[in-house]
Every structure is written in structure tokens, then in C-alpha cells.
Amino acid sequence: MRTPGTIGSALARFGASRSLLAGAHLHSHLLKSGLLASYSNHLLSFYSRCRLPSAARAVFDEIPDPCHVSWSSLVTAYSNNGMPRDALWAFRSMRGRGVPCNEYALPIVLKCAPDVRFGAQVHALAVATRLIQDVFVTNALVAMYGGFGMVDEAKRMFDEPGGERNAVSWNGMISAYVKNDRCRDAVGVFREMVWSGERPNEFGFSCVVNACTGSRDWETGRQVHGMVVRTGYDKDVFTANALVDMYSKLGDIEMAAVVFEKIPAADVVSWNALIAGCVTHGHDHRALELLLQMKPLGVVPNVFTLSSVLKACAGAGAFNLGRQIHGFMIKADADSDEFVAVGLVDMYAKDGFLDDARKVFDFMPRRDLILWNALISGCSHDGRHGEVLSLFHRMRKEGLDLDVNRTTLAAVLKSTASLEAICHTKQVHALAEKIGLLSDSHVVNGLIDSYWKCGRLDYAIKVFEESCSDDIISSTSMMTALSQCDHGEDAIKLFVQMLRKGLEPDSFVLSSLLNACASLSAYEQGKQVHAHLIKRQFTSDVFAGNALVYTYAKCGSIEDADMAFSGLPEKGVVSWSAMIGGLAQHGHGKRALELFHRMLDEGVAPNNITLTSVLSACNHAGLVDDAKKYFESMKEAFGIDRTEEHYACMIDILGRAGKLKDAMELVNNMPFQANAAVWGALLGASRVHRDPELGRMAAEKLFTLEPEKSGTHVLLANTYASAGMWDEMAKVRKLMKDSNVKKEPAMSWVEIKDKVHTFIVGDKSHPRTREIYGKLAELGDLMNKAGYVPNVEVDLHDVDRSQKELLLSHHSERLAVAFALISTPSGAPIRVKKNLRICRDCHVAFKFISKIVSREIIIRDINRFHHFTDGTCSCGDYW
DNA sequence: CTAGGGTTAG
């Protein structure tokens, strides 16, 4: 015969080990032997522990007169099994039956408190019944207040004078601080606890490790780790997991793995923490290996594991594995988890399967901010800009309780920039202001980028200035905007300001600065930036390296560009395109094409920009047949669709070569509306090949397409002049006067040392004007002796021949070259830049001058470079 | 027989 004590402890044991069969067997035995009434409370507790609240309720209902222990056990059965509303109902029933409140029921009912109002009522009850003196009750109140974000109220309970404190009180307080993002305070409480002589247990350790992680206090974290090892709590799975999490977040994956290895029974959380660490620190393959190791050890991945692993799949390009995981999740009914959905959307988007990403998104019953962001970013990245805007508007309409954040706005701004949709950019701007994101550097960058691409550099500058951003990222965006909008000088000024503020330039700033130098053709400044790159050891940076190639080419030094190109540690399609484009601009068409074939030999796939450079090389070298070959075969050979730019270039090539009929045929058959570049090319061709009919048509189109441009009138007048149609020419000139169109003043500039010297025609403002004109007169004599005859046809001024000759000889580029001659050592190359096309007469003159002074003269005009050496030009008079 | 504190993902 069993004694009552043994039956009670047997039920407790079965409950603890959740031995349902053994307990149920004992239950029927008690029923048969009529002993049930004596053990109802034991049975209640047993079923509660076996997670069978309904069975517990059935036992309870058979109790004729439940005591406070029966009631408390019932409340516990509901509360511990995820039925807080029933627990509250049971608690209220207990009170309704007049059963006195007790120190067992209060903590558990506090755990079920639906809101802080209810919690405060229980608090008042505890005060009224003096149960507040019970340490269990105060500890529960600390947890309750902490859970509702009232951590200071929790601290008041913790500090209750005369109140008892035990380990749970300390741990609860630390936890309350951690939950409320007050990790530094949590670490403080832990220190106080150690100092007071209370020995931390696994609960305290795990909490404080989390506090260290949250406050990124790795120093204390490592110290706590030491204590954990000394006290043997590194075997506790919760504490060890917190440590793995800490080292994972810190990025010390090796240490995380060391802690992980020593866990006697690593659970799925341990694995998840380590895998997450691998993923966030770029060890995608290691994360995938860990996933494969879990299965043989019998640890089943859960949604946490999968959401991390999906990110690893996307990062490692293991898209097939990712799809398998998706299939597995559908079978396991785990595909409606929001975190997993984010991983799936992100993975499909990175794989370029936006439709699959969209399906996952649409399937979700609820969508949070991060999920919206994942799809919007994916679409934006994939160039589906229209879809981005419609998603954004749908999100704002549907997700009334959703706010947006910097990620949303940055992605949307990327799309408004690509679409040049200024009104959408303004809307985002207003929204950013409303939610206080105008000082966020992501948003500021997006706005700057979007505004300048929408043609409003002024707004971009305003955003930058009002953001008061001192950070290097926003400054880089601003510099890029300035240099792209032909405000290279301001970009350089901004860089100098950054240096003054003590900001250390990174490779991005320097690359942007190089582009500014390129747009200014500032060779000397470009070399200085190169020196910065060397000094800061960014020479192996791919972006900076490509920018160097591009800049040197744009600044007129194809030799430096070639050296920078050779020095690139790895050459991507951008590097090759930059070099090919550079050679093309300098008239080295054959070398450009050779380089293109070397690129193909090395297995680098060209893109549409490469092909533009290739066509441009053919153009500058007059290689019409080669151009035709590339133009016609690019789709089949390289899978590249012909863009508007390719067509414009091809039409230019045909036009220059005098194949005006072929050019017009291409214009009529191309899948685009002819743009200004196309008509400009045709107008130029009509002048060279004396086709005034075509010239008139092209010019008329240009007058409507870009009425602000003055060059059209000039070219048309020149076309009539070249065909000897003087009356028509006079009409155009009259039209120019009447319509108040001003010719853009021709300007040339030259960089001597650190200073840029600018000249206009007949300029007399330079301090060394006398010497400059003296030099020109001296050269004039030598040129005349060598056989130079001024080509006055190019001048359209209504003056006589000798005045025209005088005007020609004082063109801005001549003044710049003369100044360079008198202020640089003999033999040094001369680099001059001009804002318009170089004039035909100056082109002839510089051939003479280069021979007379034995110097290389490099003129960059609006189209290309002209290298004059020993009486010839690199363009072969074909430009 | 009944009560309080801890871990992982986008």
C-alpha cells in the first residue's frame, strides 16, 4: 500500500518529467480506489505540467470545495499553457467565491496582466492585503512593470525600503533594464549585485551578457565570460547561447564557435545564434555548412534558422538551395513567417526573380515594414522603378499603422532619381521632413542624388546644407552631384572644406573627386588626388582605380591612363570600357579596337557602355565598316540591345563619312524618336558634305528640341556658307539677331601650376596680356612664312577680311596656347580646354605652331582630344 | 500540491 506522501511525490515526479502515461495510470488507480479527493491538487498540477490545461480543468471541476491551492493551480495551468484570458477568468472566479488572495496566485496573475492598468490594480490589491511584503510578489511586480516599459516604476519596486531581495530580484531588475534598452543600467545593477555579495547564477549571467551585447560593451562582456567559465555556467545552454550571440554580433566568429563547441547540449537557439553571426559577417558558406551539420545531430531548423540561412543563400549565390528551402517550408507550413518571407523576397530579388519575390509578398497575410522594404528595395535594385512608386503609394495607403524608415525612402529615392520624377522626389522630401529623417545620411544622400538627376542641383545643395551633415558620406554625394552638373570647381572646394573639418577622405570621396577633375580636365589636380590615393593606400581599390583611368584619359594624358590601367589589380568591364573610351577620344581608334578584342579574349563580357566606346572609337578613326559590323552584330554576339546612344553614334559615323542617305535611312528605321544628338550629328554632316537641305531640316528639329542652344544657328549658317548660299546664310544671321539668341561665348582655359587661366576671344584682362599678344604676333610671322593661310570662311562676322584675320588670330584657344608657351618650360606639353568645338582655322594654326615650337599641344574640345605634334593632329583632320 | 528571473532571425 502506497503512503499519501509517496503518491504525491510520484505525481510531482511524473509531472516534472511529463510522463503522461504513468500519471494517467495513477489517476485511474486513484479513481478506482476512491482516493482521488485526497490528490486532486497533485493531479491538477500534474496535468498542468503535462500541458493539458483541459484535463486540469476537468479534475478541478470534480473538486466540491476548491481551496486556494486548487484555484492557484488552475490559474497556473491556464497561464503556463498559453491561455492567459482563462487564467484571468479563474483568478476573478476565485475572488468572486470569496477565496482569499494569496502569495501564489498574485505572481502568476501578474504574468497574465493584459495591460499596465490591470497590473497596477493587482499592485494595489497586494498593498491592501500586505502580500506586497512577499518577495515573490515584488519580484513579479518588477517583471510586470518592466514588461510594460515602466522600468523606473520597476526600479521603485526593486528599491522598496525594507523589502527582501534575492537572486531573482537582481536578475529581474537586470532583465527589466535590458528589455527597455537601458543596457548600461543593467550592467550597473549587475555590478551592484556582485559587489553586494550575491553570487550570480545562470539567469543573472545570461541577462548581463545580453546587456553587454546591447550596449556593445565588449570589454565587460569578456570579463563576464571569464566569470561564467570560472563558475561553470558555460555549460548552461541559455548563458552559453547569450555568449554565442554576443561574440556573433561583435563579429568574433571564432570565439563564438569556441563557446558553442563547449555547450553539452546545444539547442536550436545555439545553432541559430552562431549561424546568424556567420551571415551578418559575410561567412555565408560557413553558415550553410552549419545548416548541413545540424541534421545528423538531430537538431531541427526552425524559422529563425531558415531566415538566416536564406540570407546566406542570397549572399553565397546558392539560389537552388534557397528554392529547396522554400519548398521545404511550404511543406512544413512555415512559409507565412514574416522573417522568413523577408529572406525569401530578398533572395528571389537578388537572383533576379522579382515575380517570385512578388508571389511570396502577395501570399503573406500580414506585411510589416521590413517586408515592404525588402520588396521595394528589390524592385528598385532591379530597375523596376515604376513598380517601386506604385508599391510605395500602396504601402502608404494600406499600411496606415506602418511608418516608413530610411531604408524605404532611400530605395524610393533611387527610383525617383532613375525616373527623373521630380514631383515624387519632392513628395518623399516632404515626408522625410515630417517624420524627422532630414538629417539621416541615407535619406540625405538619396535626396541629393535624386534632385541633381532631376536637374535641380539647387535643391540638392539646399538639402545638403540644411541637413548640417558633417559626415563623409553625404559630402561624397554632394561632391558627385556637383561634378556631374559641371560644377567641378565647387566639388573641389567642398573637398577642401572636408579636409579642413578634419574628415579623413576615403576611397569613395577620392573617386568622386577624380570625376570632378575629369569633368574639369584638371590634369594637375587629378595627379594630386592620385597622390592622396597612394598616400592612403587605396591603390588596389577598384572604384578609385577605374576613376583614375577615366580621369587621366579625360584630362588628356592617355599615357597616364594607360599606366593606371596596367596597374589595376583586377580589371572589370568598367575598367576596360574607360580605357577603350579614353583611347577613342584621343583618336587611337585602332588601339581602342585592339583593346576591345583583348578584353573579349580575357573573357570579360562587354556592356552597352563598352559598345558605345567601341563605336566612338570607330567614329573618331573613321572606321565605317568596322562600326557597321559591331553595330549590326552586337545583339547576337554580345546580347546587348542597341540603345538610343548607339544609334546616334552610328548615324554620326555614317554622316561624317558622307553616307548621308544611309544615315537618314537609319534615322527613319530606328525604334526611337530621333533626339537632339541625332539631329546634331546630321547637321554637322550636312555642313561638311554640303547638303543644305538636310541641314535645314536638322536645324529646324533642333530649334524645337533645344531652343536654348546657340550653336544650331551657327552651324546652319556655316552649312549655307559651305554651299555658297550667302543669302540663306544672311537670313539665319538675321534670325539669330531677331530671336535674341546669343552665341555661347567661346572660352578656353589652361592650368598652370595650381591656377586655371581662362580666356575669351580678344581677351585683354590677363596680367601678362602684352607678352601673350607679343608671342602671337611672333608666331604669326613664322606661320605665314611656313605657308599658313587664314581660313576666314569660318568667321561669320560682318566685317572685312583683315579684321576677320585679326579676330581669328585672337581666338581664345590661341591666347591660352600663347600663355602656356610663355609660362612653361620649353618642350613641356601644353594642355588647353575649350567649351565648344575647336575652330577649323585654329586647328590648322596649331599644326603649324606645334612644328614651329617643337611642342605637343593637346586641345580638348567639346567632343574629343586633338594632339598636335610636328605639324599633324591625332584626329587626322577628321572630327 | 500552488508563485518570480534568461536565448536566436529580416
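Order of the sequence lines sets the chain letters (A, B, ...), proteins ahead of strands, with each chain counted from 1. Keep in mind that what you see is a predicted model, and the values were worked out from it rather than measured.
Between Asn302(A) and the phosphate of dA9(B), there is no side-chain N or O to OP1/OP2 separation shorter than 4.0 Å. For dG4(B), the OP1/OP2 oxygens have a side-chain nitrogen or oxygen of Lys111(A) closer than 4.0 Å. Not one side-chain nitrogen or oxygen of Lys179(A) sits closer than 4.0 Å to the OP1 or OP2 atom of dT7(B). OP1 or OP2 of dG6(B) sits under 4.0 Å from a side-chain N or O of Ser175(A). OP1 or OP2 of dT2(B) lies within a sub-4.0 Å distance of a side-chain N or O belonging to Ser45(A).
For the pair Phe238(A) and dT7(B), the ring geometry does not qualify as stacking, because the centroid separation below 5.5 Å and plane angle under 30° are not jointly satisfied. An aromatic stacking contact between Tyr104(A) and the base of dA3(B) is absent, as defined here by ring centres under 5.5 Å apart and ring planes under 30° from parallel.
The base of dG6(B) is not paired with the side chain of Asn241(A) by any donor and acceptor separated by under 3.5 Å. With hydrogens and angles ignored, a donor-acceptor pair under 3.5 angstrom links the side chain of Ser307(A) to the base of dA9(B). One N or O donor and one acceptor, one from the side chain of Asn166(A) and one from the base of dG4(B), sit under 3.5 Å apart.
dG6(B) atom P lies 12 Å from atom CG of Asn180(A), rounded to whole Å. The separation between Tyr233(A) atom OH and dT7(B) atom P is 17 Å, rounded to whole Å. For Asn102(A) and dA3(B), the CG to C1' distance is 9 Å, given to the nearest whole Å. Spacing between atom NZ of Lys249(A) and atom P of dG10(B) amounts to 8 Å, rounded to whole angstrom units. Atom CD in Glu164(A) sits roughly 12 Å away from atom C1' in dG4(B) (whole-Å rounding). Put simply, CZ on Arg165(A) is 21 Å from P on dG4(B), counting in whole angstrom units. If you measure from atom CG of Leu344(A) to atom C1' of dA9(B), you get 13 Å, rounded to the nearest angstrom. Rounded to an integer number of Å, the gap from CG of Asp335(A) to P of dG10(B) is 20 Å.
Ring pair Trp71(A)/Phe91(A): centre-to-centre distance not below 6.0 Å. Aromatic ring centroids of Trp271(A) and Phe260(A) lie under 6.0 Å apart.
Legend: residues meeting ring pair (Phe, Tyr, Trp, His ring centres under 6.0 Å) with His27(A), ordered by chain and number and at least two apart, are Tyr47(A).
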List the atom pairs, with distances to 0.1 Å, where a side-chain N or O of residues 157-170 of chain A and a protein N or O form a donor-acceptor pair under 3.5 Å, not counting sequence neighbours.
{"from": "Asp159(A)", "atom 1": "OD1", "to": "Arg165(A)", "atom 2": "NH2", "distance (Å)": "3.1"}
{"from": "Asp159(A)", "atom 1": "OD2", "to": "Lys155(A)", "atom 2": "NZ", "distance (Å)": "2.9"}
{"from": "Arg165(A)", "atom 1": "NE", "to": "Phe158(A)", "atom 2": "O", "distance (Å)": "3.4"}
{"from": "Arg165(A)", "atom 1": "NH2", "to": "Phe158(A)", "atom 2": "O", "distance (Å)": "3.4"}
{"from": "Asn166(A)", "atom 1": "OD1", "to": "Asn139(A)", "atom 2": "ND2", "distance (Å)": "3.3"}
{"from": "Asn166(A)", "atom 1": "OD1", "to": "Val168(A)", "atom 2": "N", "distance (Å)": "3.0"}
{"from": "Asn166(A)", "atom 1": "OD1", "to": "Ser169(A)", "atom 2": "N", "distance (Å)": "3.0"}
{"from": "Asn166(A)", "atom 1": "OD1", "to": "Ser169(A)", "atom 2": "OG", "distance (Å)": "2.9"}
{"from": "Ser169(A)", "atom 1": "OG", "to": "Asn139(A)", "atom 2": "OD1", "distance (Å)": "2.9"}
{"from": "Ser169(A)", "atom 1": "OG", "to": "Asn166(A)", "atom 2": "N", "distance (Å)": "2.9"}
{"from": "Ser169(A)", "atom 1": "OG", "to": "Asn166(A)", "atom 2": "O", "distance (Å)": "3.3"}

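Taking the side chain of Asp368(A) as heavy atoms from C-beta on, and the options dG10(B), dG6(B), dT8(B), the nearest nucleotide is dG10(B). Taking the side chain of Asn210(A) as heavy atoms from C-beta on, and the options dA3(B), dT7(B), dC1(B), the nearest nucleotide is dT7(B). The side chain of Val69(A) sits closest to dC1(B) out of dA3(B), dC1(B), dG10(B). Distances were taken from every side-chain heavy atom of Ser73(A) (C-beta onward) to each of dA9(B), dG4(B), dT2(B); the shortest belongs to dT2(B). For Glu338(A), the side-chain atoms get nearest to dG10(B) when compared with the rest of dG4(B), dT8(B), dG10(B). Comparing dG10(B), dA9(B), dT2(B) against the side chain of Arg49(A) picks out dT2(B) as the nearest.
Side-chain contact annotation: Ser270(A) with Asp267(A), donor-acceptor N/O pair under 3.5 Å present. Side chains of Arg199(A) and Thr231(A): no donor on one and acceptor on the other come within 3.5 Å. Residues Thr305(A) and Asn272(A) bring a donor and an acceptor atom of their side chains to less than 3.5 Å of each other. Side-chain contact of Arg57(A) with Tyr78(A): a donor-acceptor pair under 3.5 Å is present, judged by distance alone.
Among the protein residues, Asp346(A) comes within range of no part of the nucleic acid, since none of its heavy atoms lies under 4.0 Å from any strand. Using a 4.0 Å heavy-atom distance criterion, Thr239(A) is classed as a base contact. Using a 4.0 Å heavy-atom criterion, one finds that Val303(A) contacts the bases of the nucleic acid, with or without backbone contacts as well. Using a 4.0 Å heavy-atom cutoff across all strands shown, Ile370(A) reaches at least one base atom of the nucleic acid.
For residues 264-283 of chain A, proximity to DNA chain B is found at Val269(A), Asn272(A), Ala276(A), Thr280(A), defined as any non-hydrogen atom under 4.0 angstrom from a strand atom.
Remark: Arg323(A) is positioned above the aromatic ring of Phe353(A), its terminal NZ or CZ atom under 6.0 angstrom from the ring centre and at most 45 degrees off the axis.
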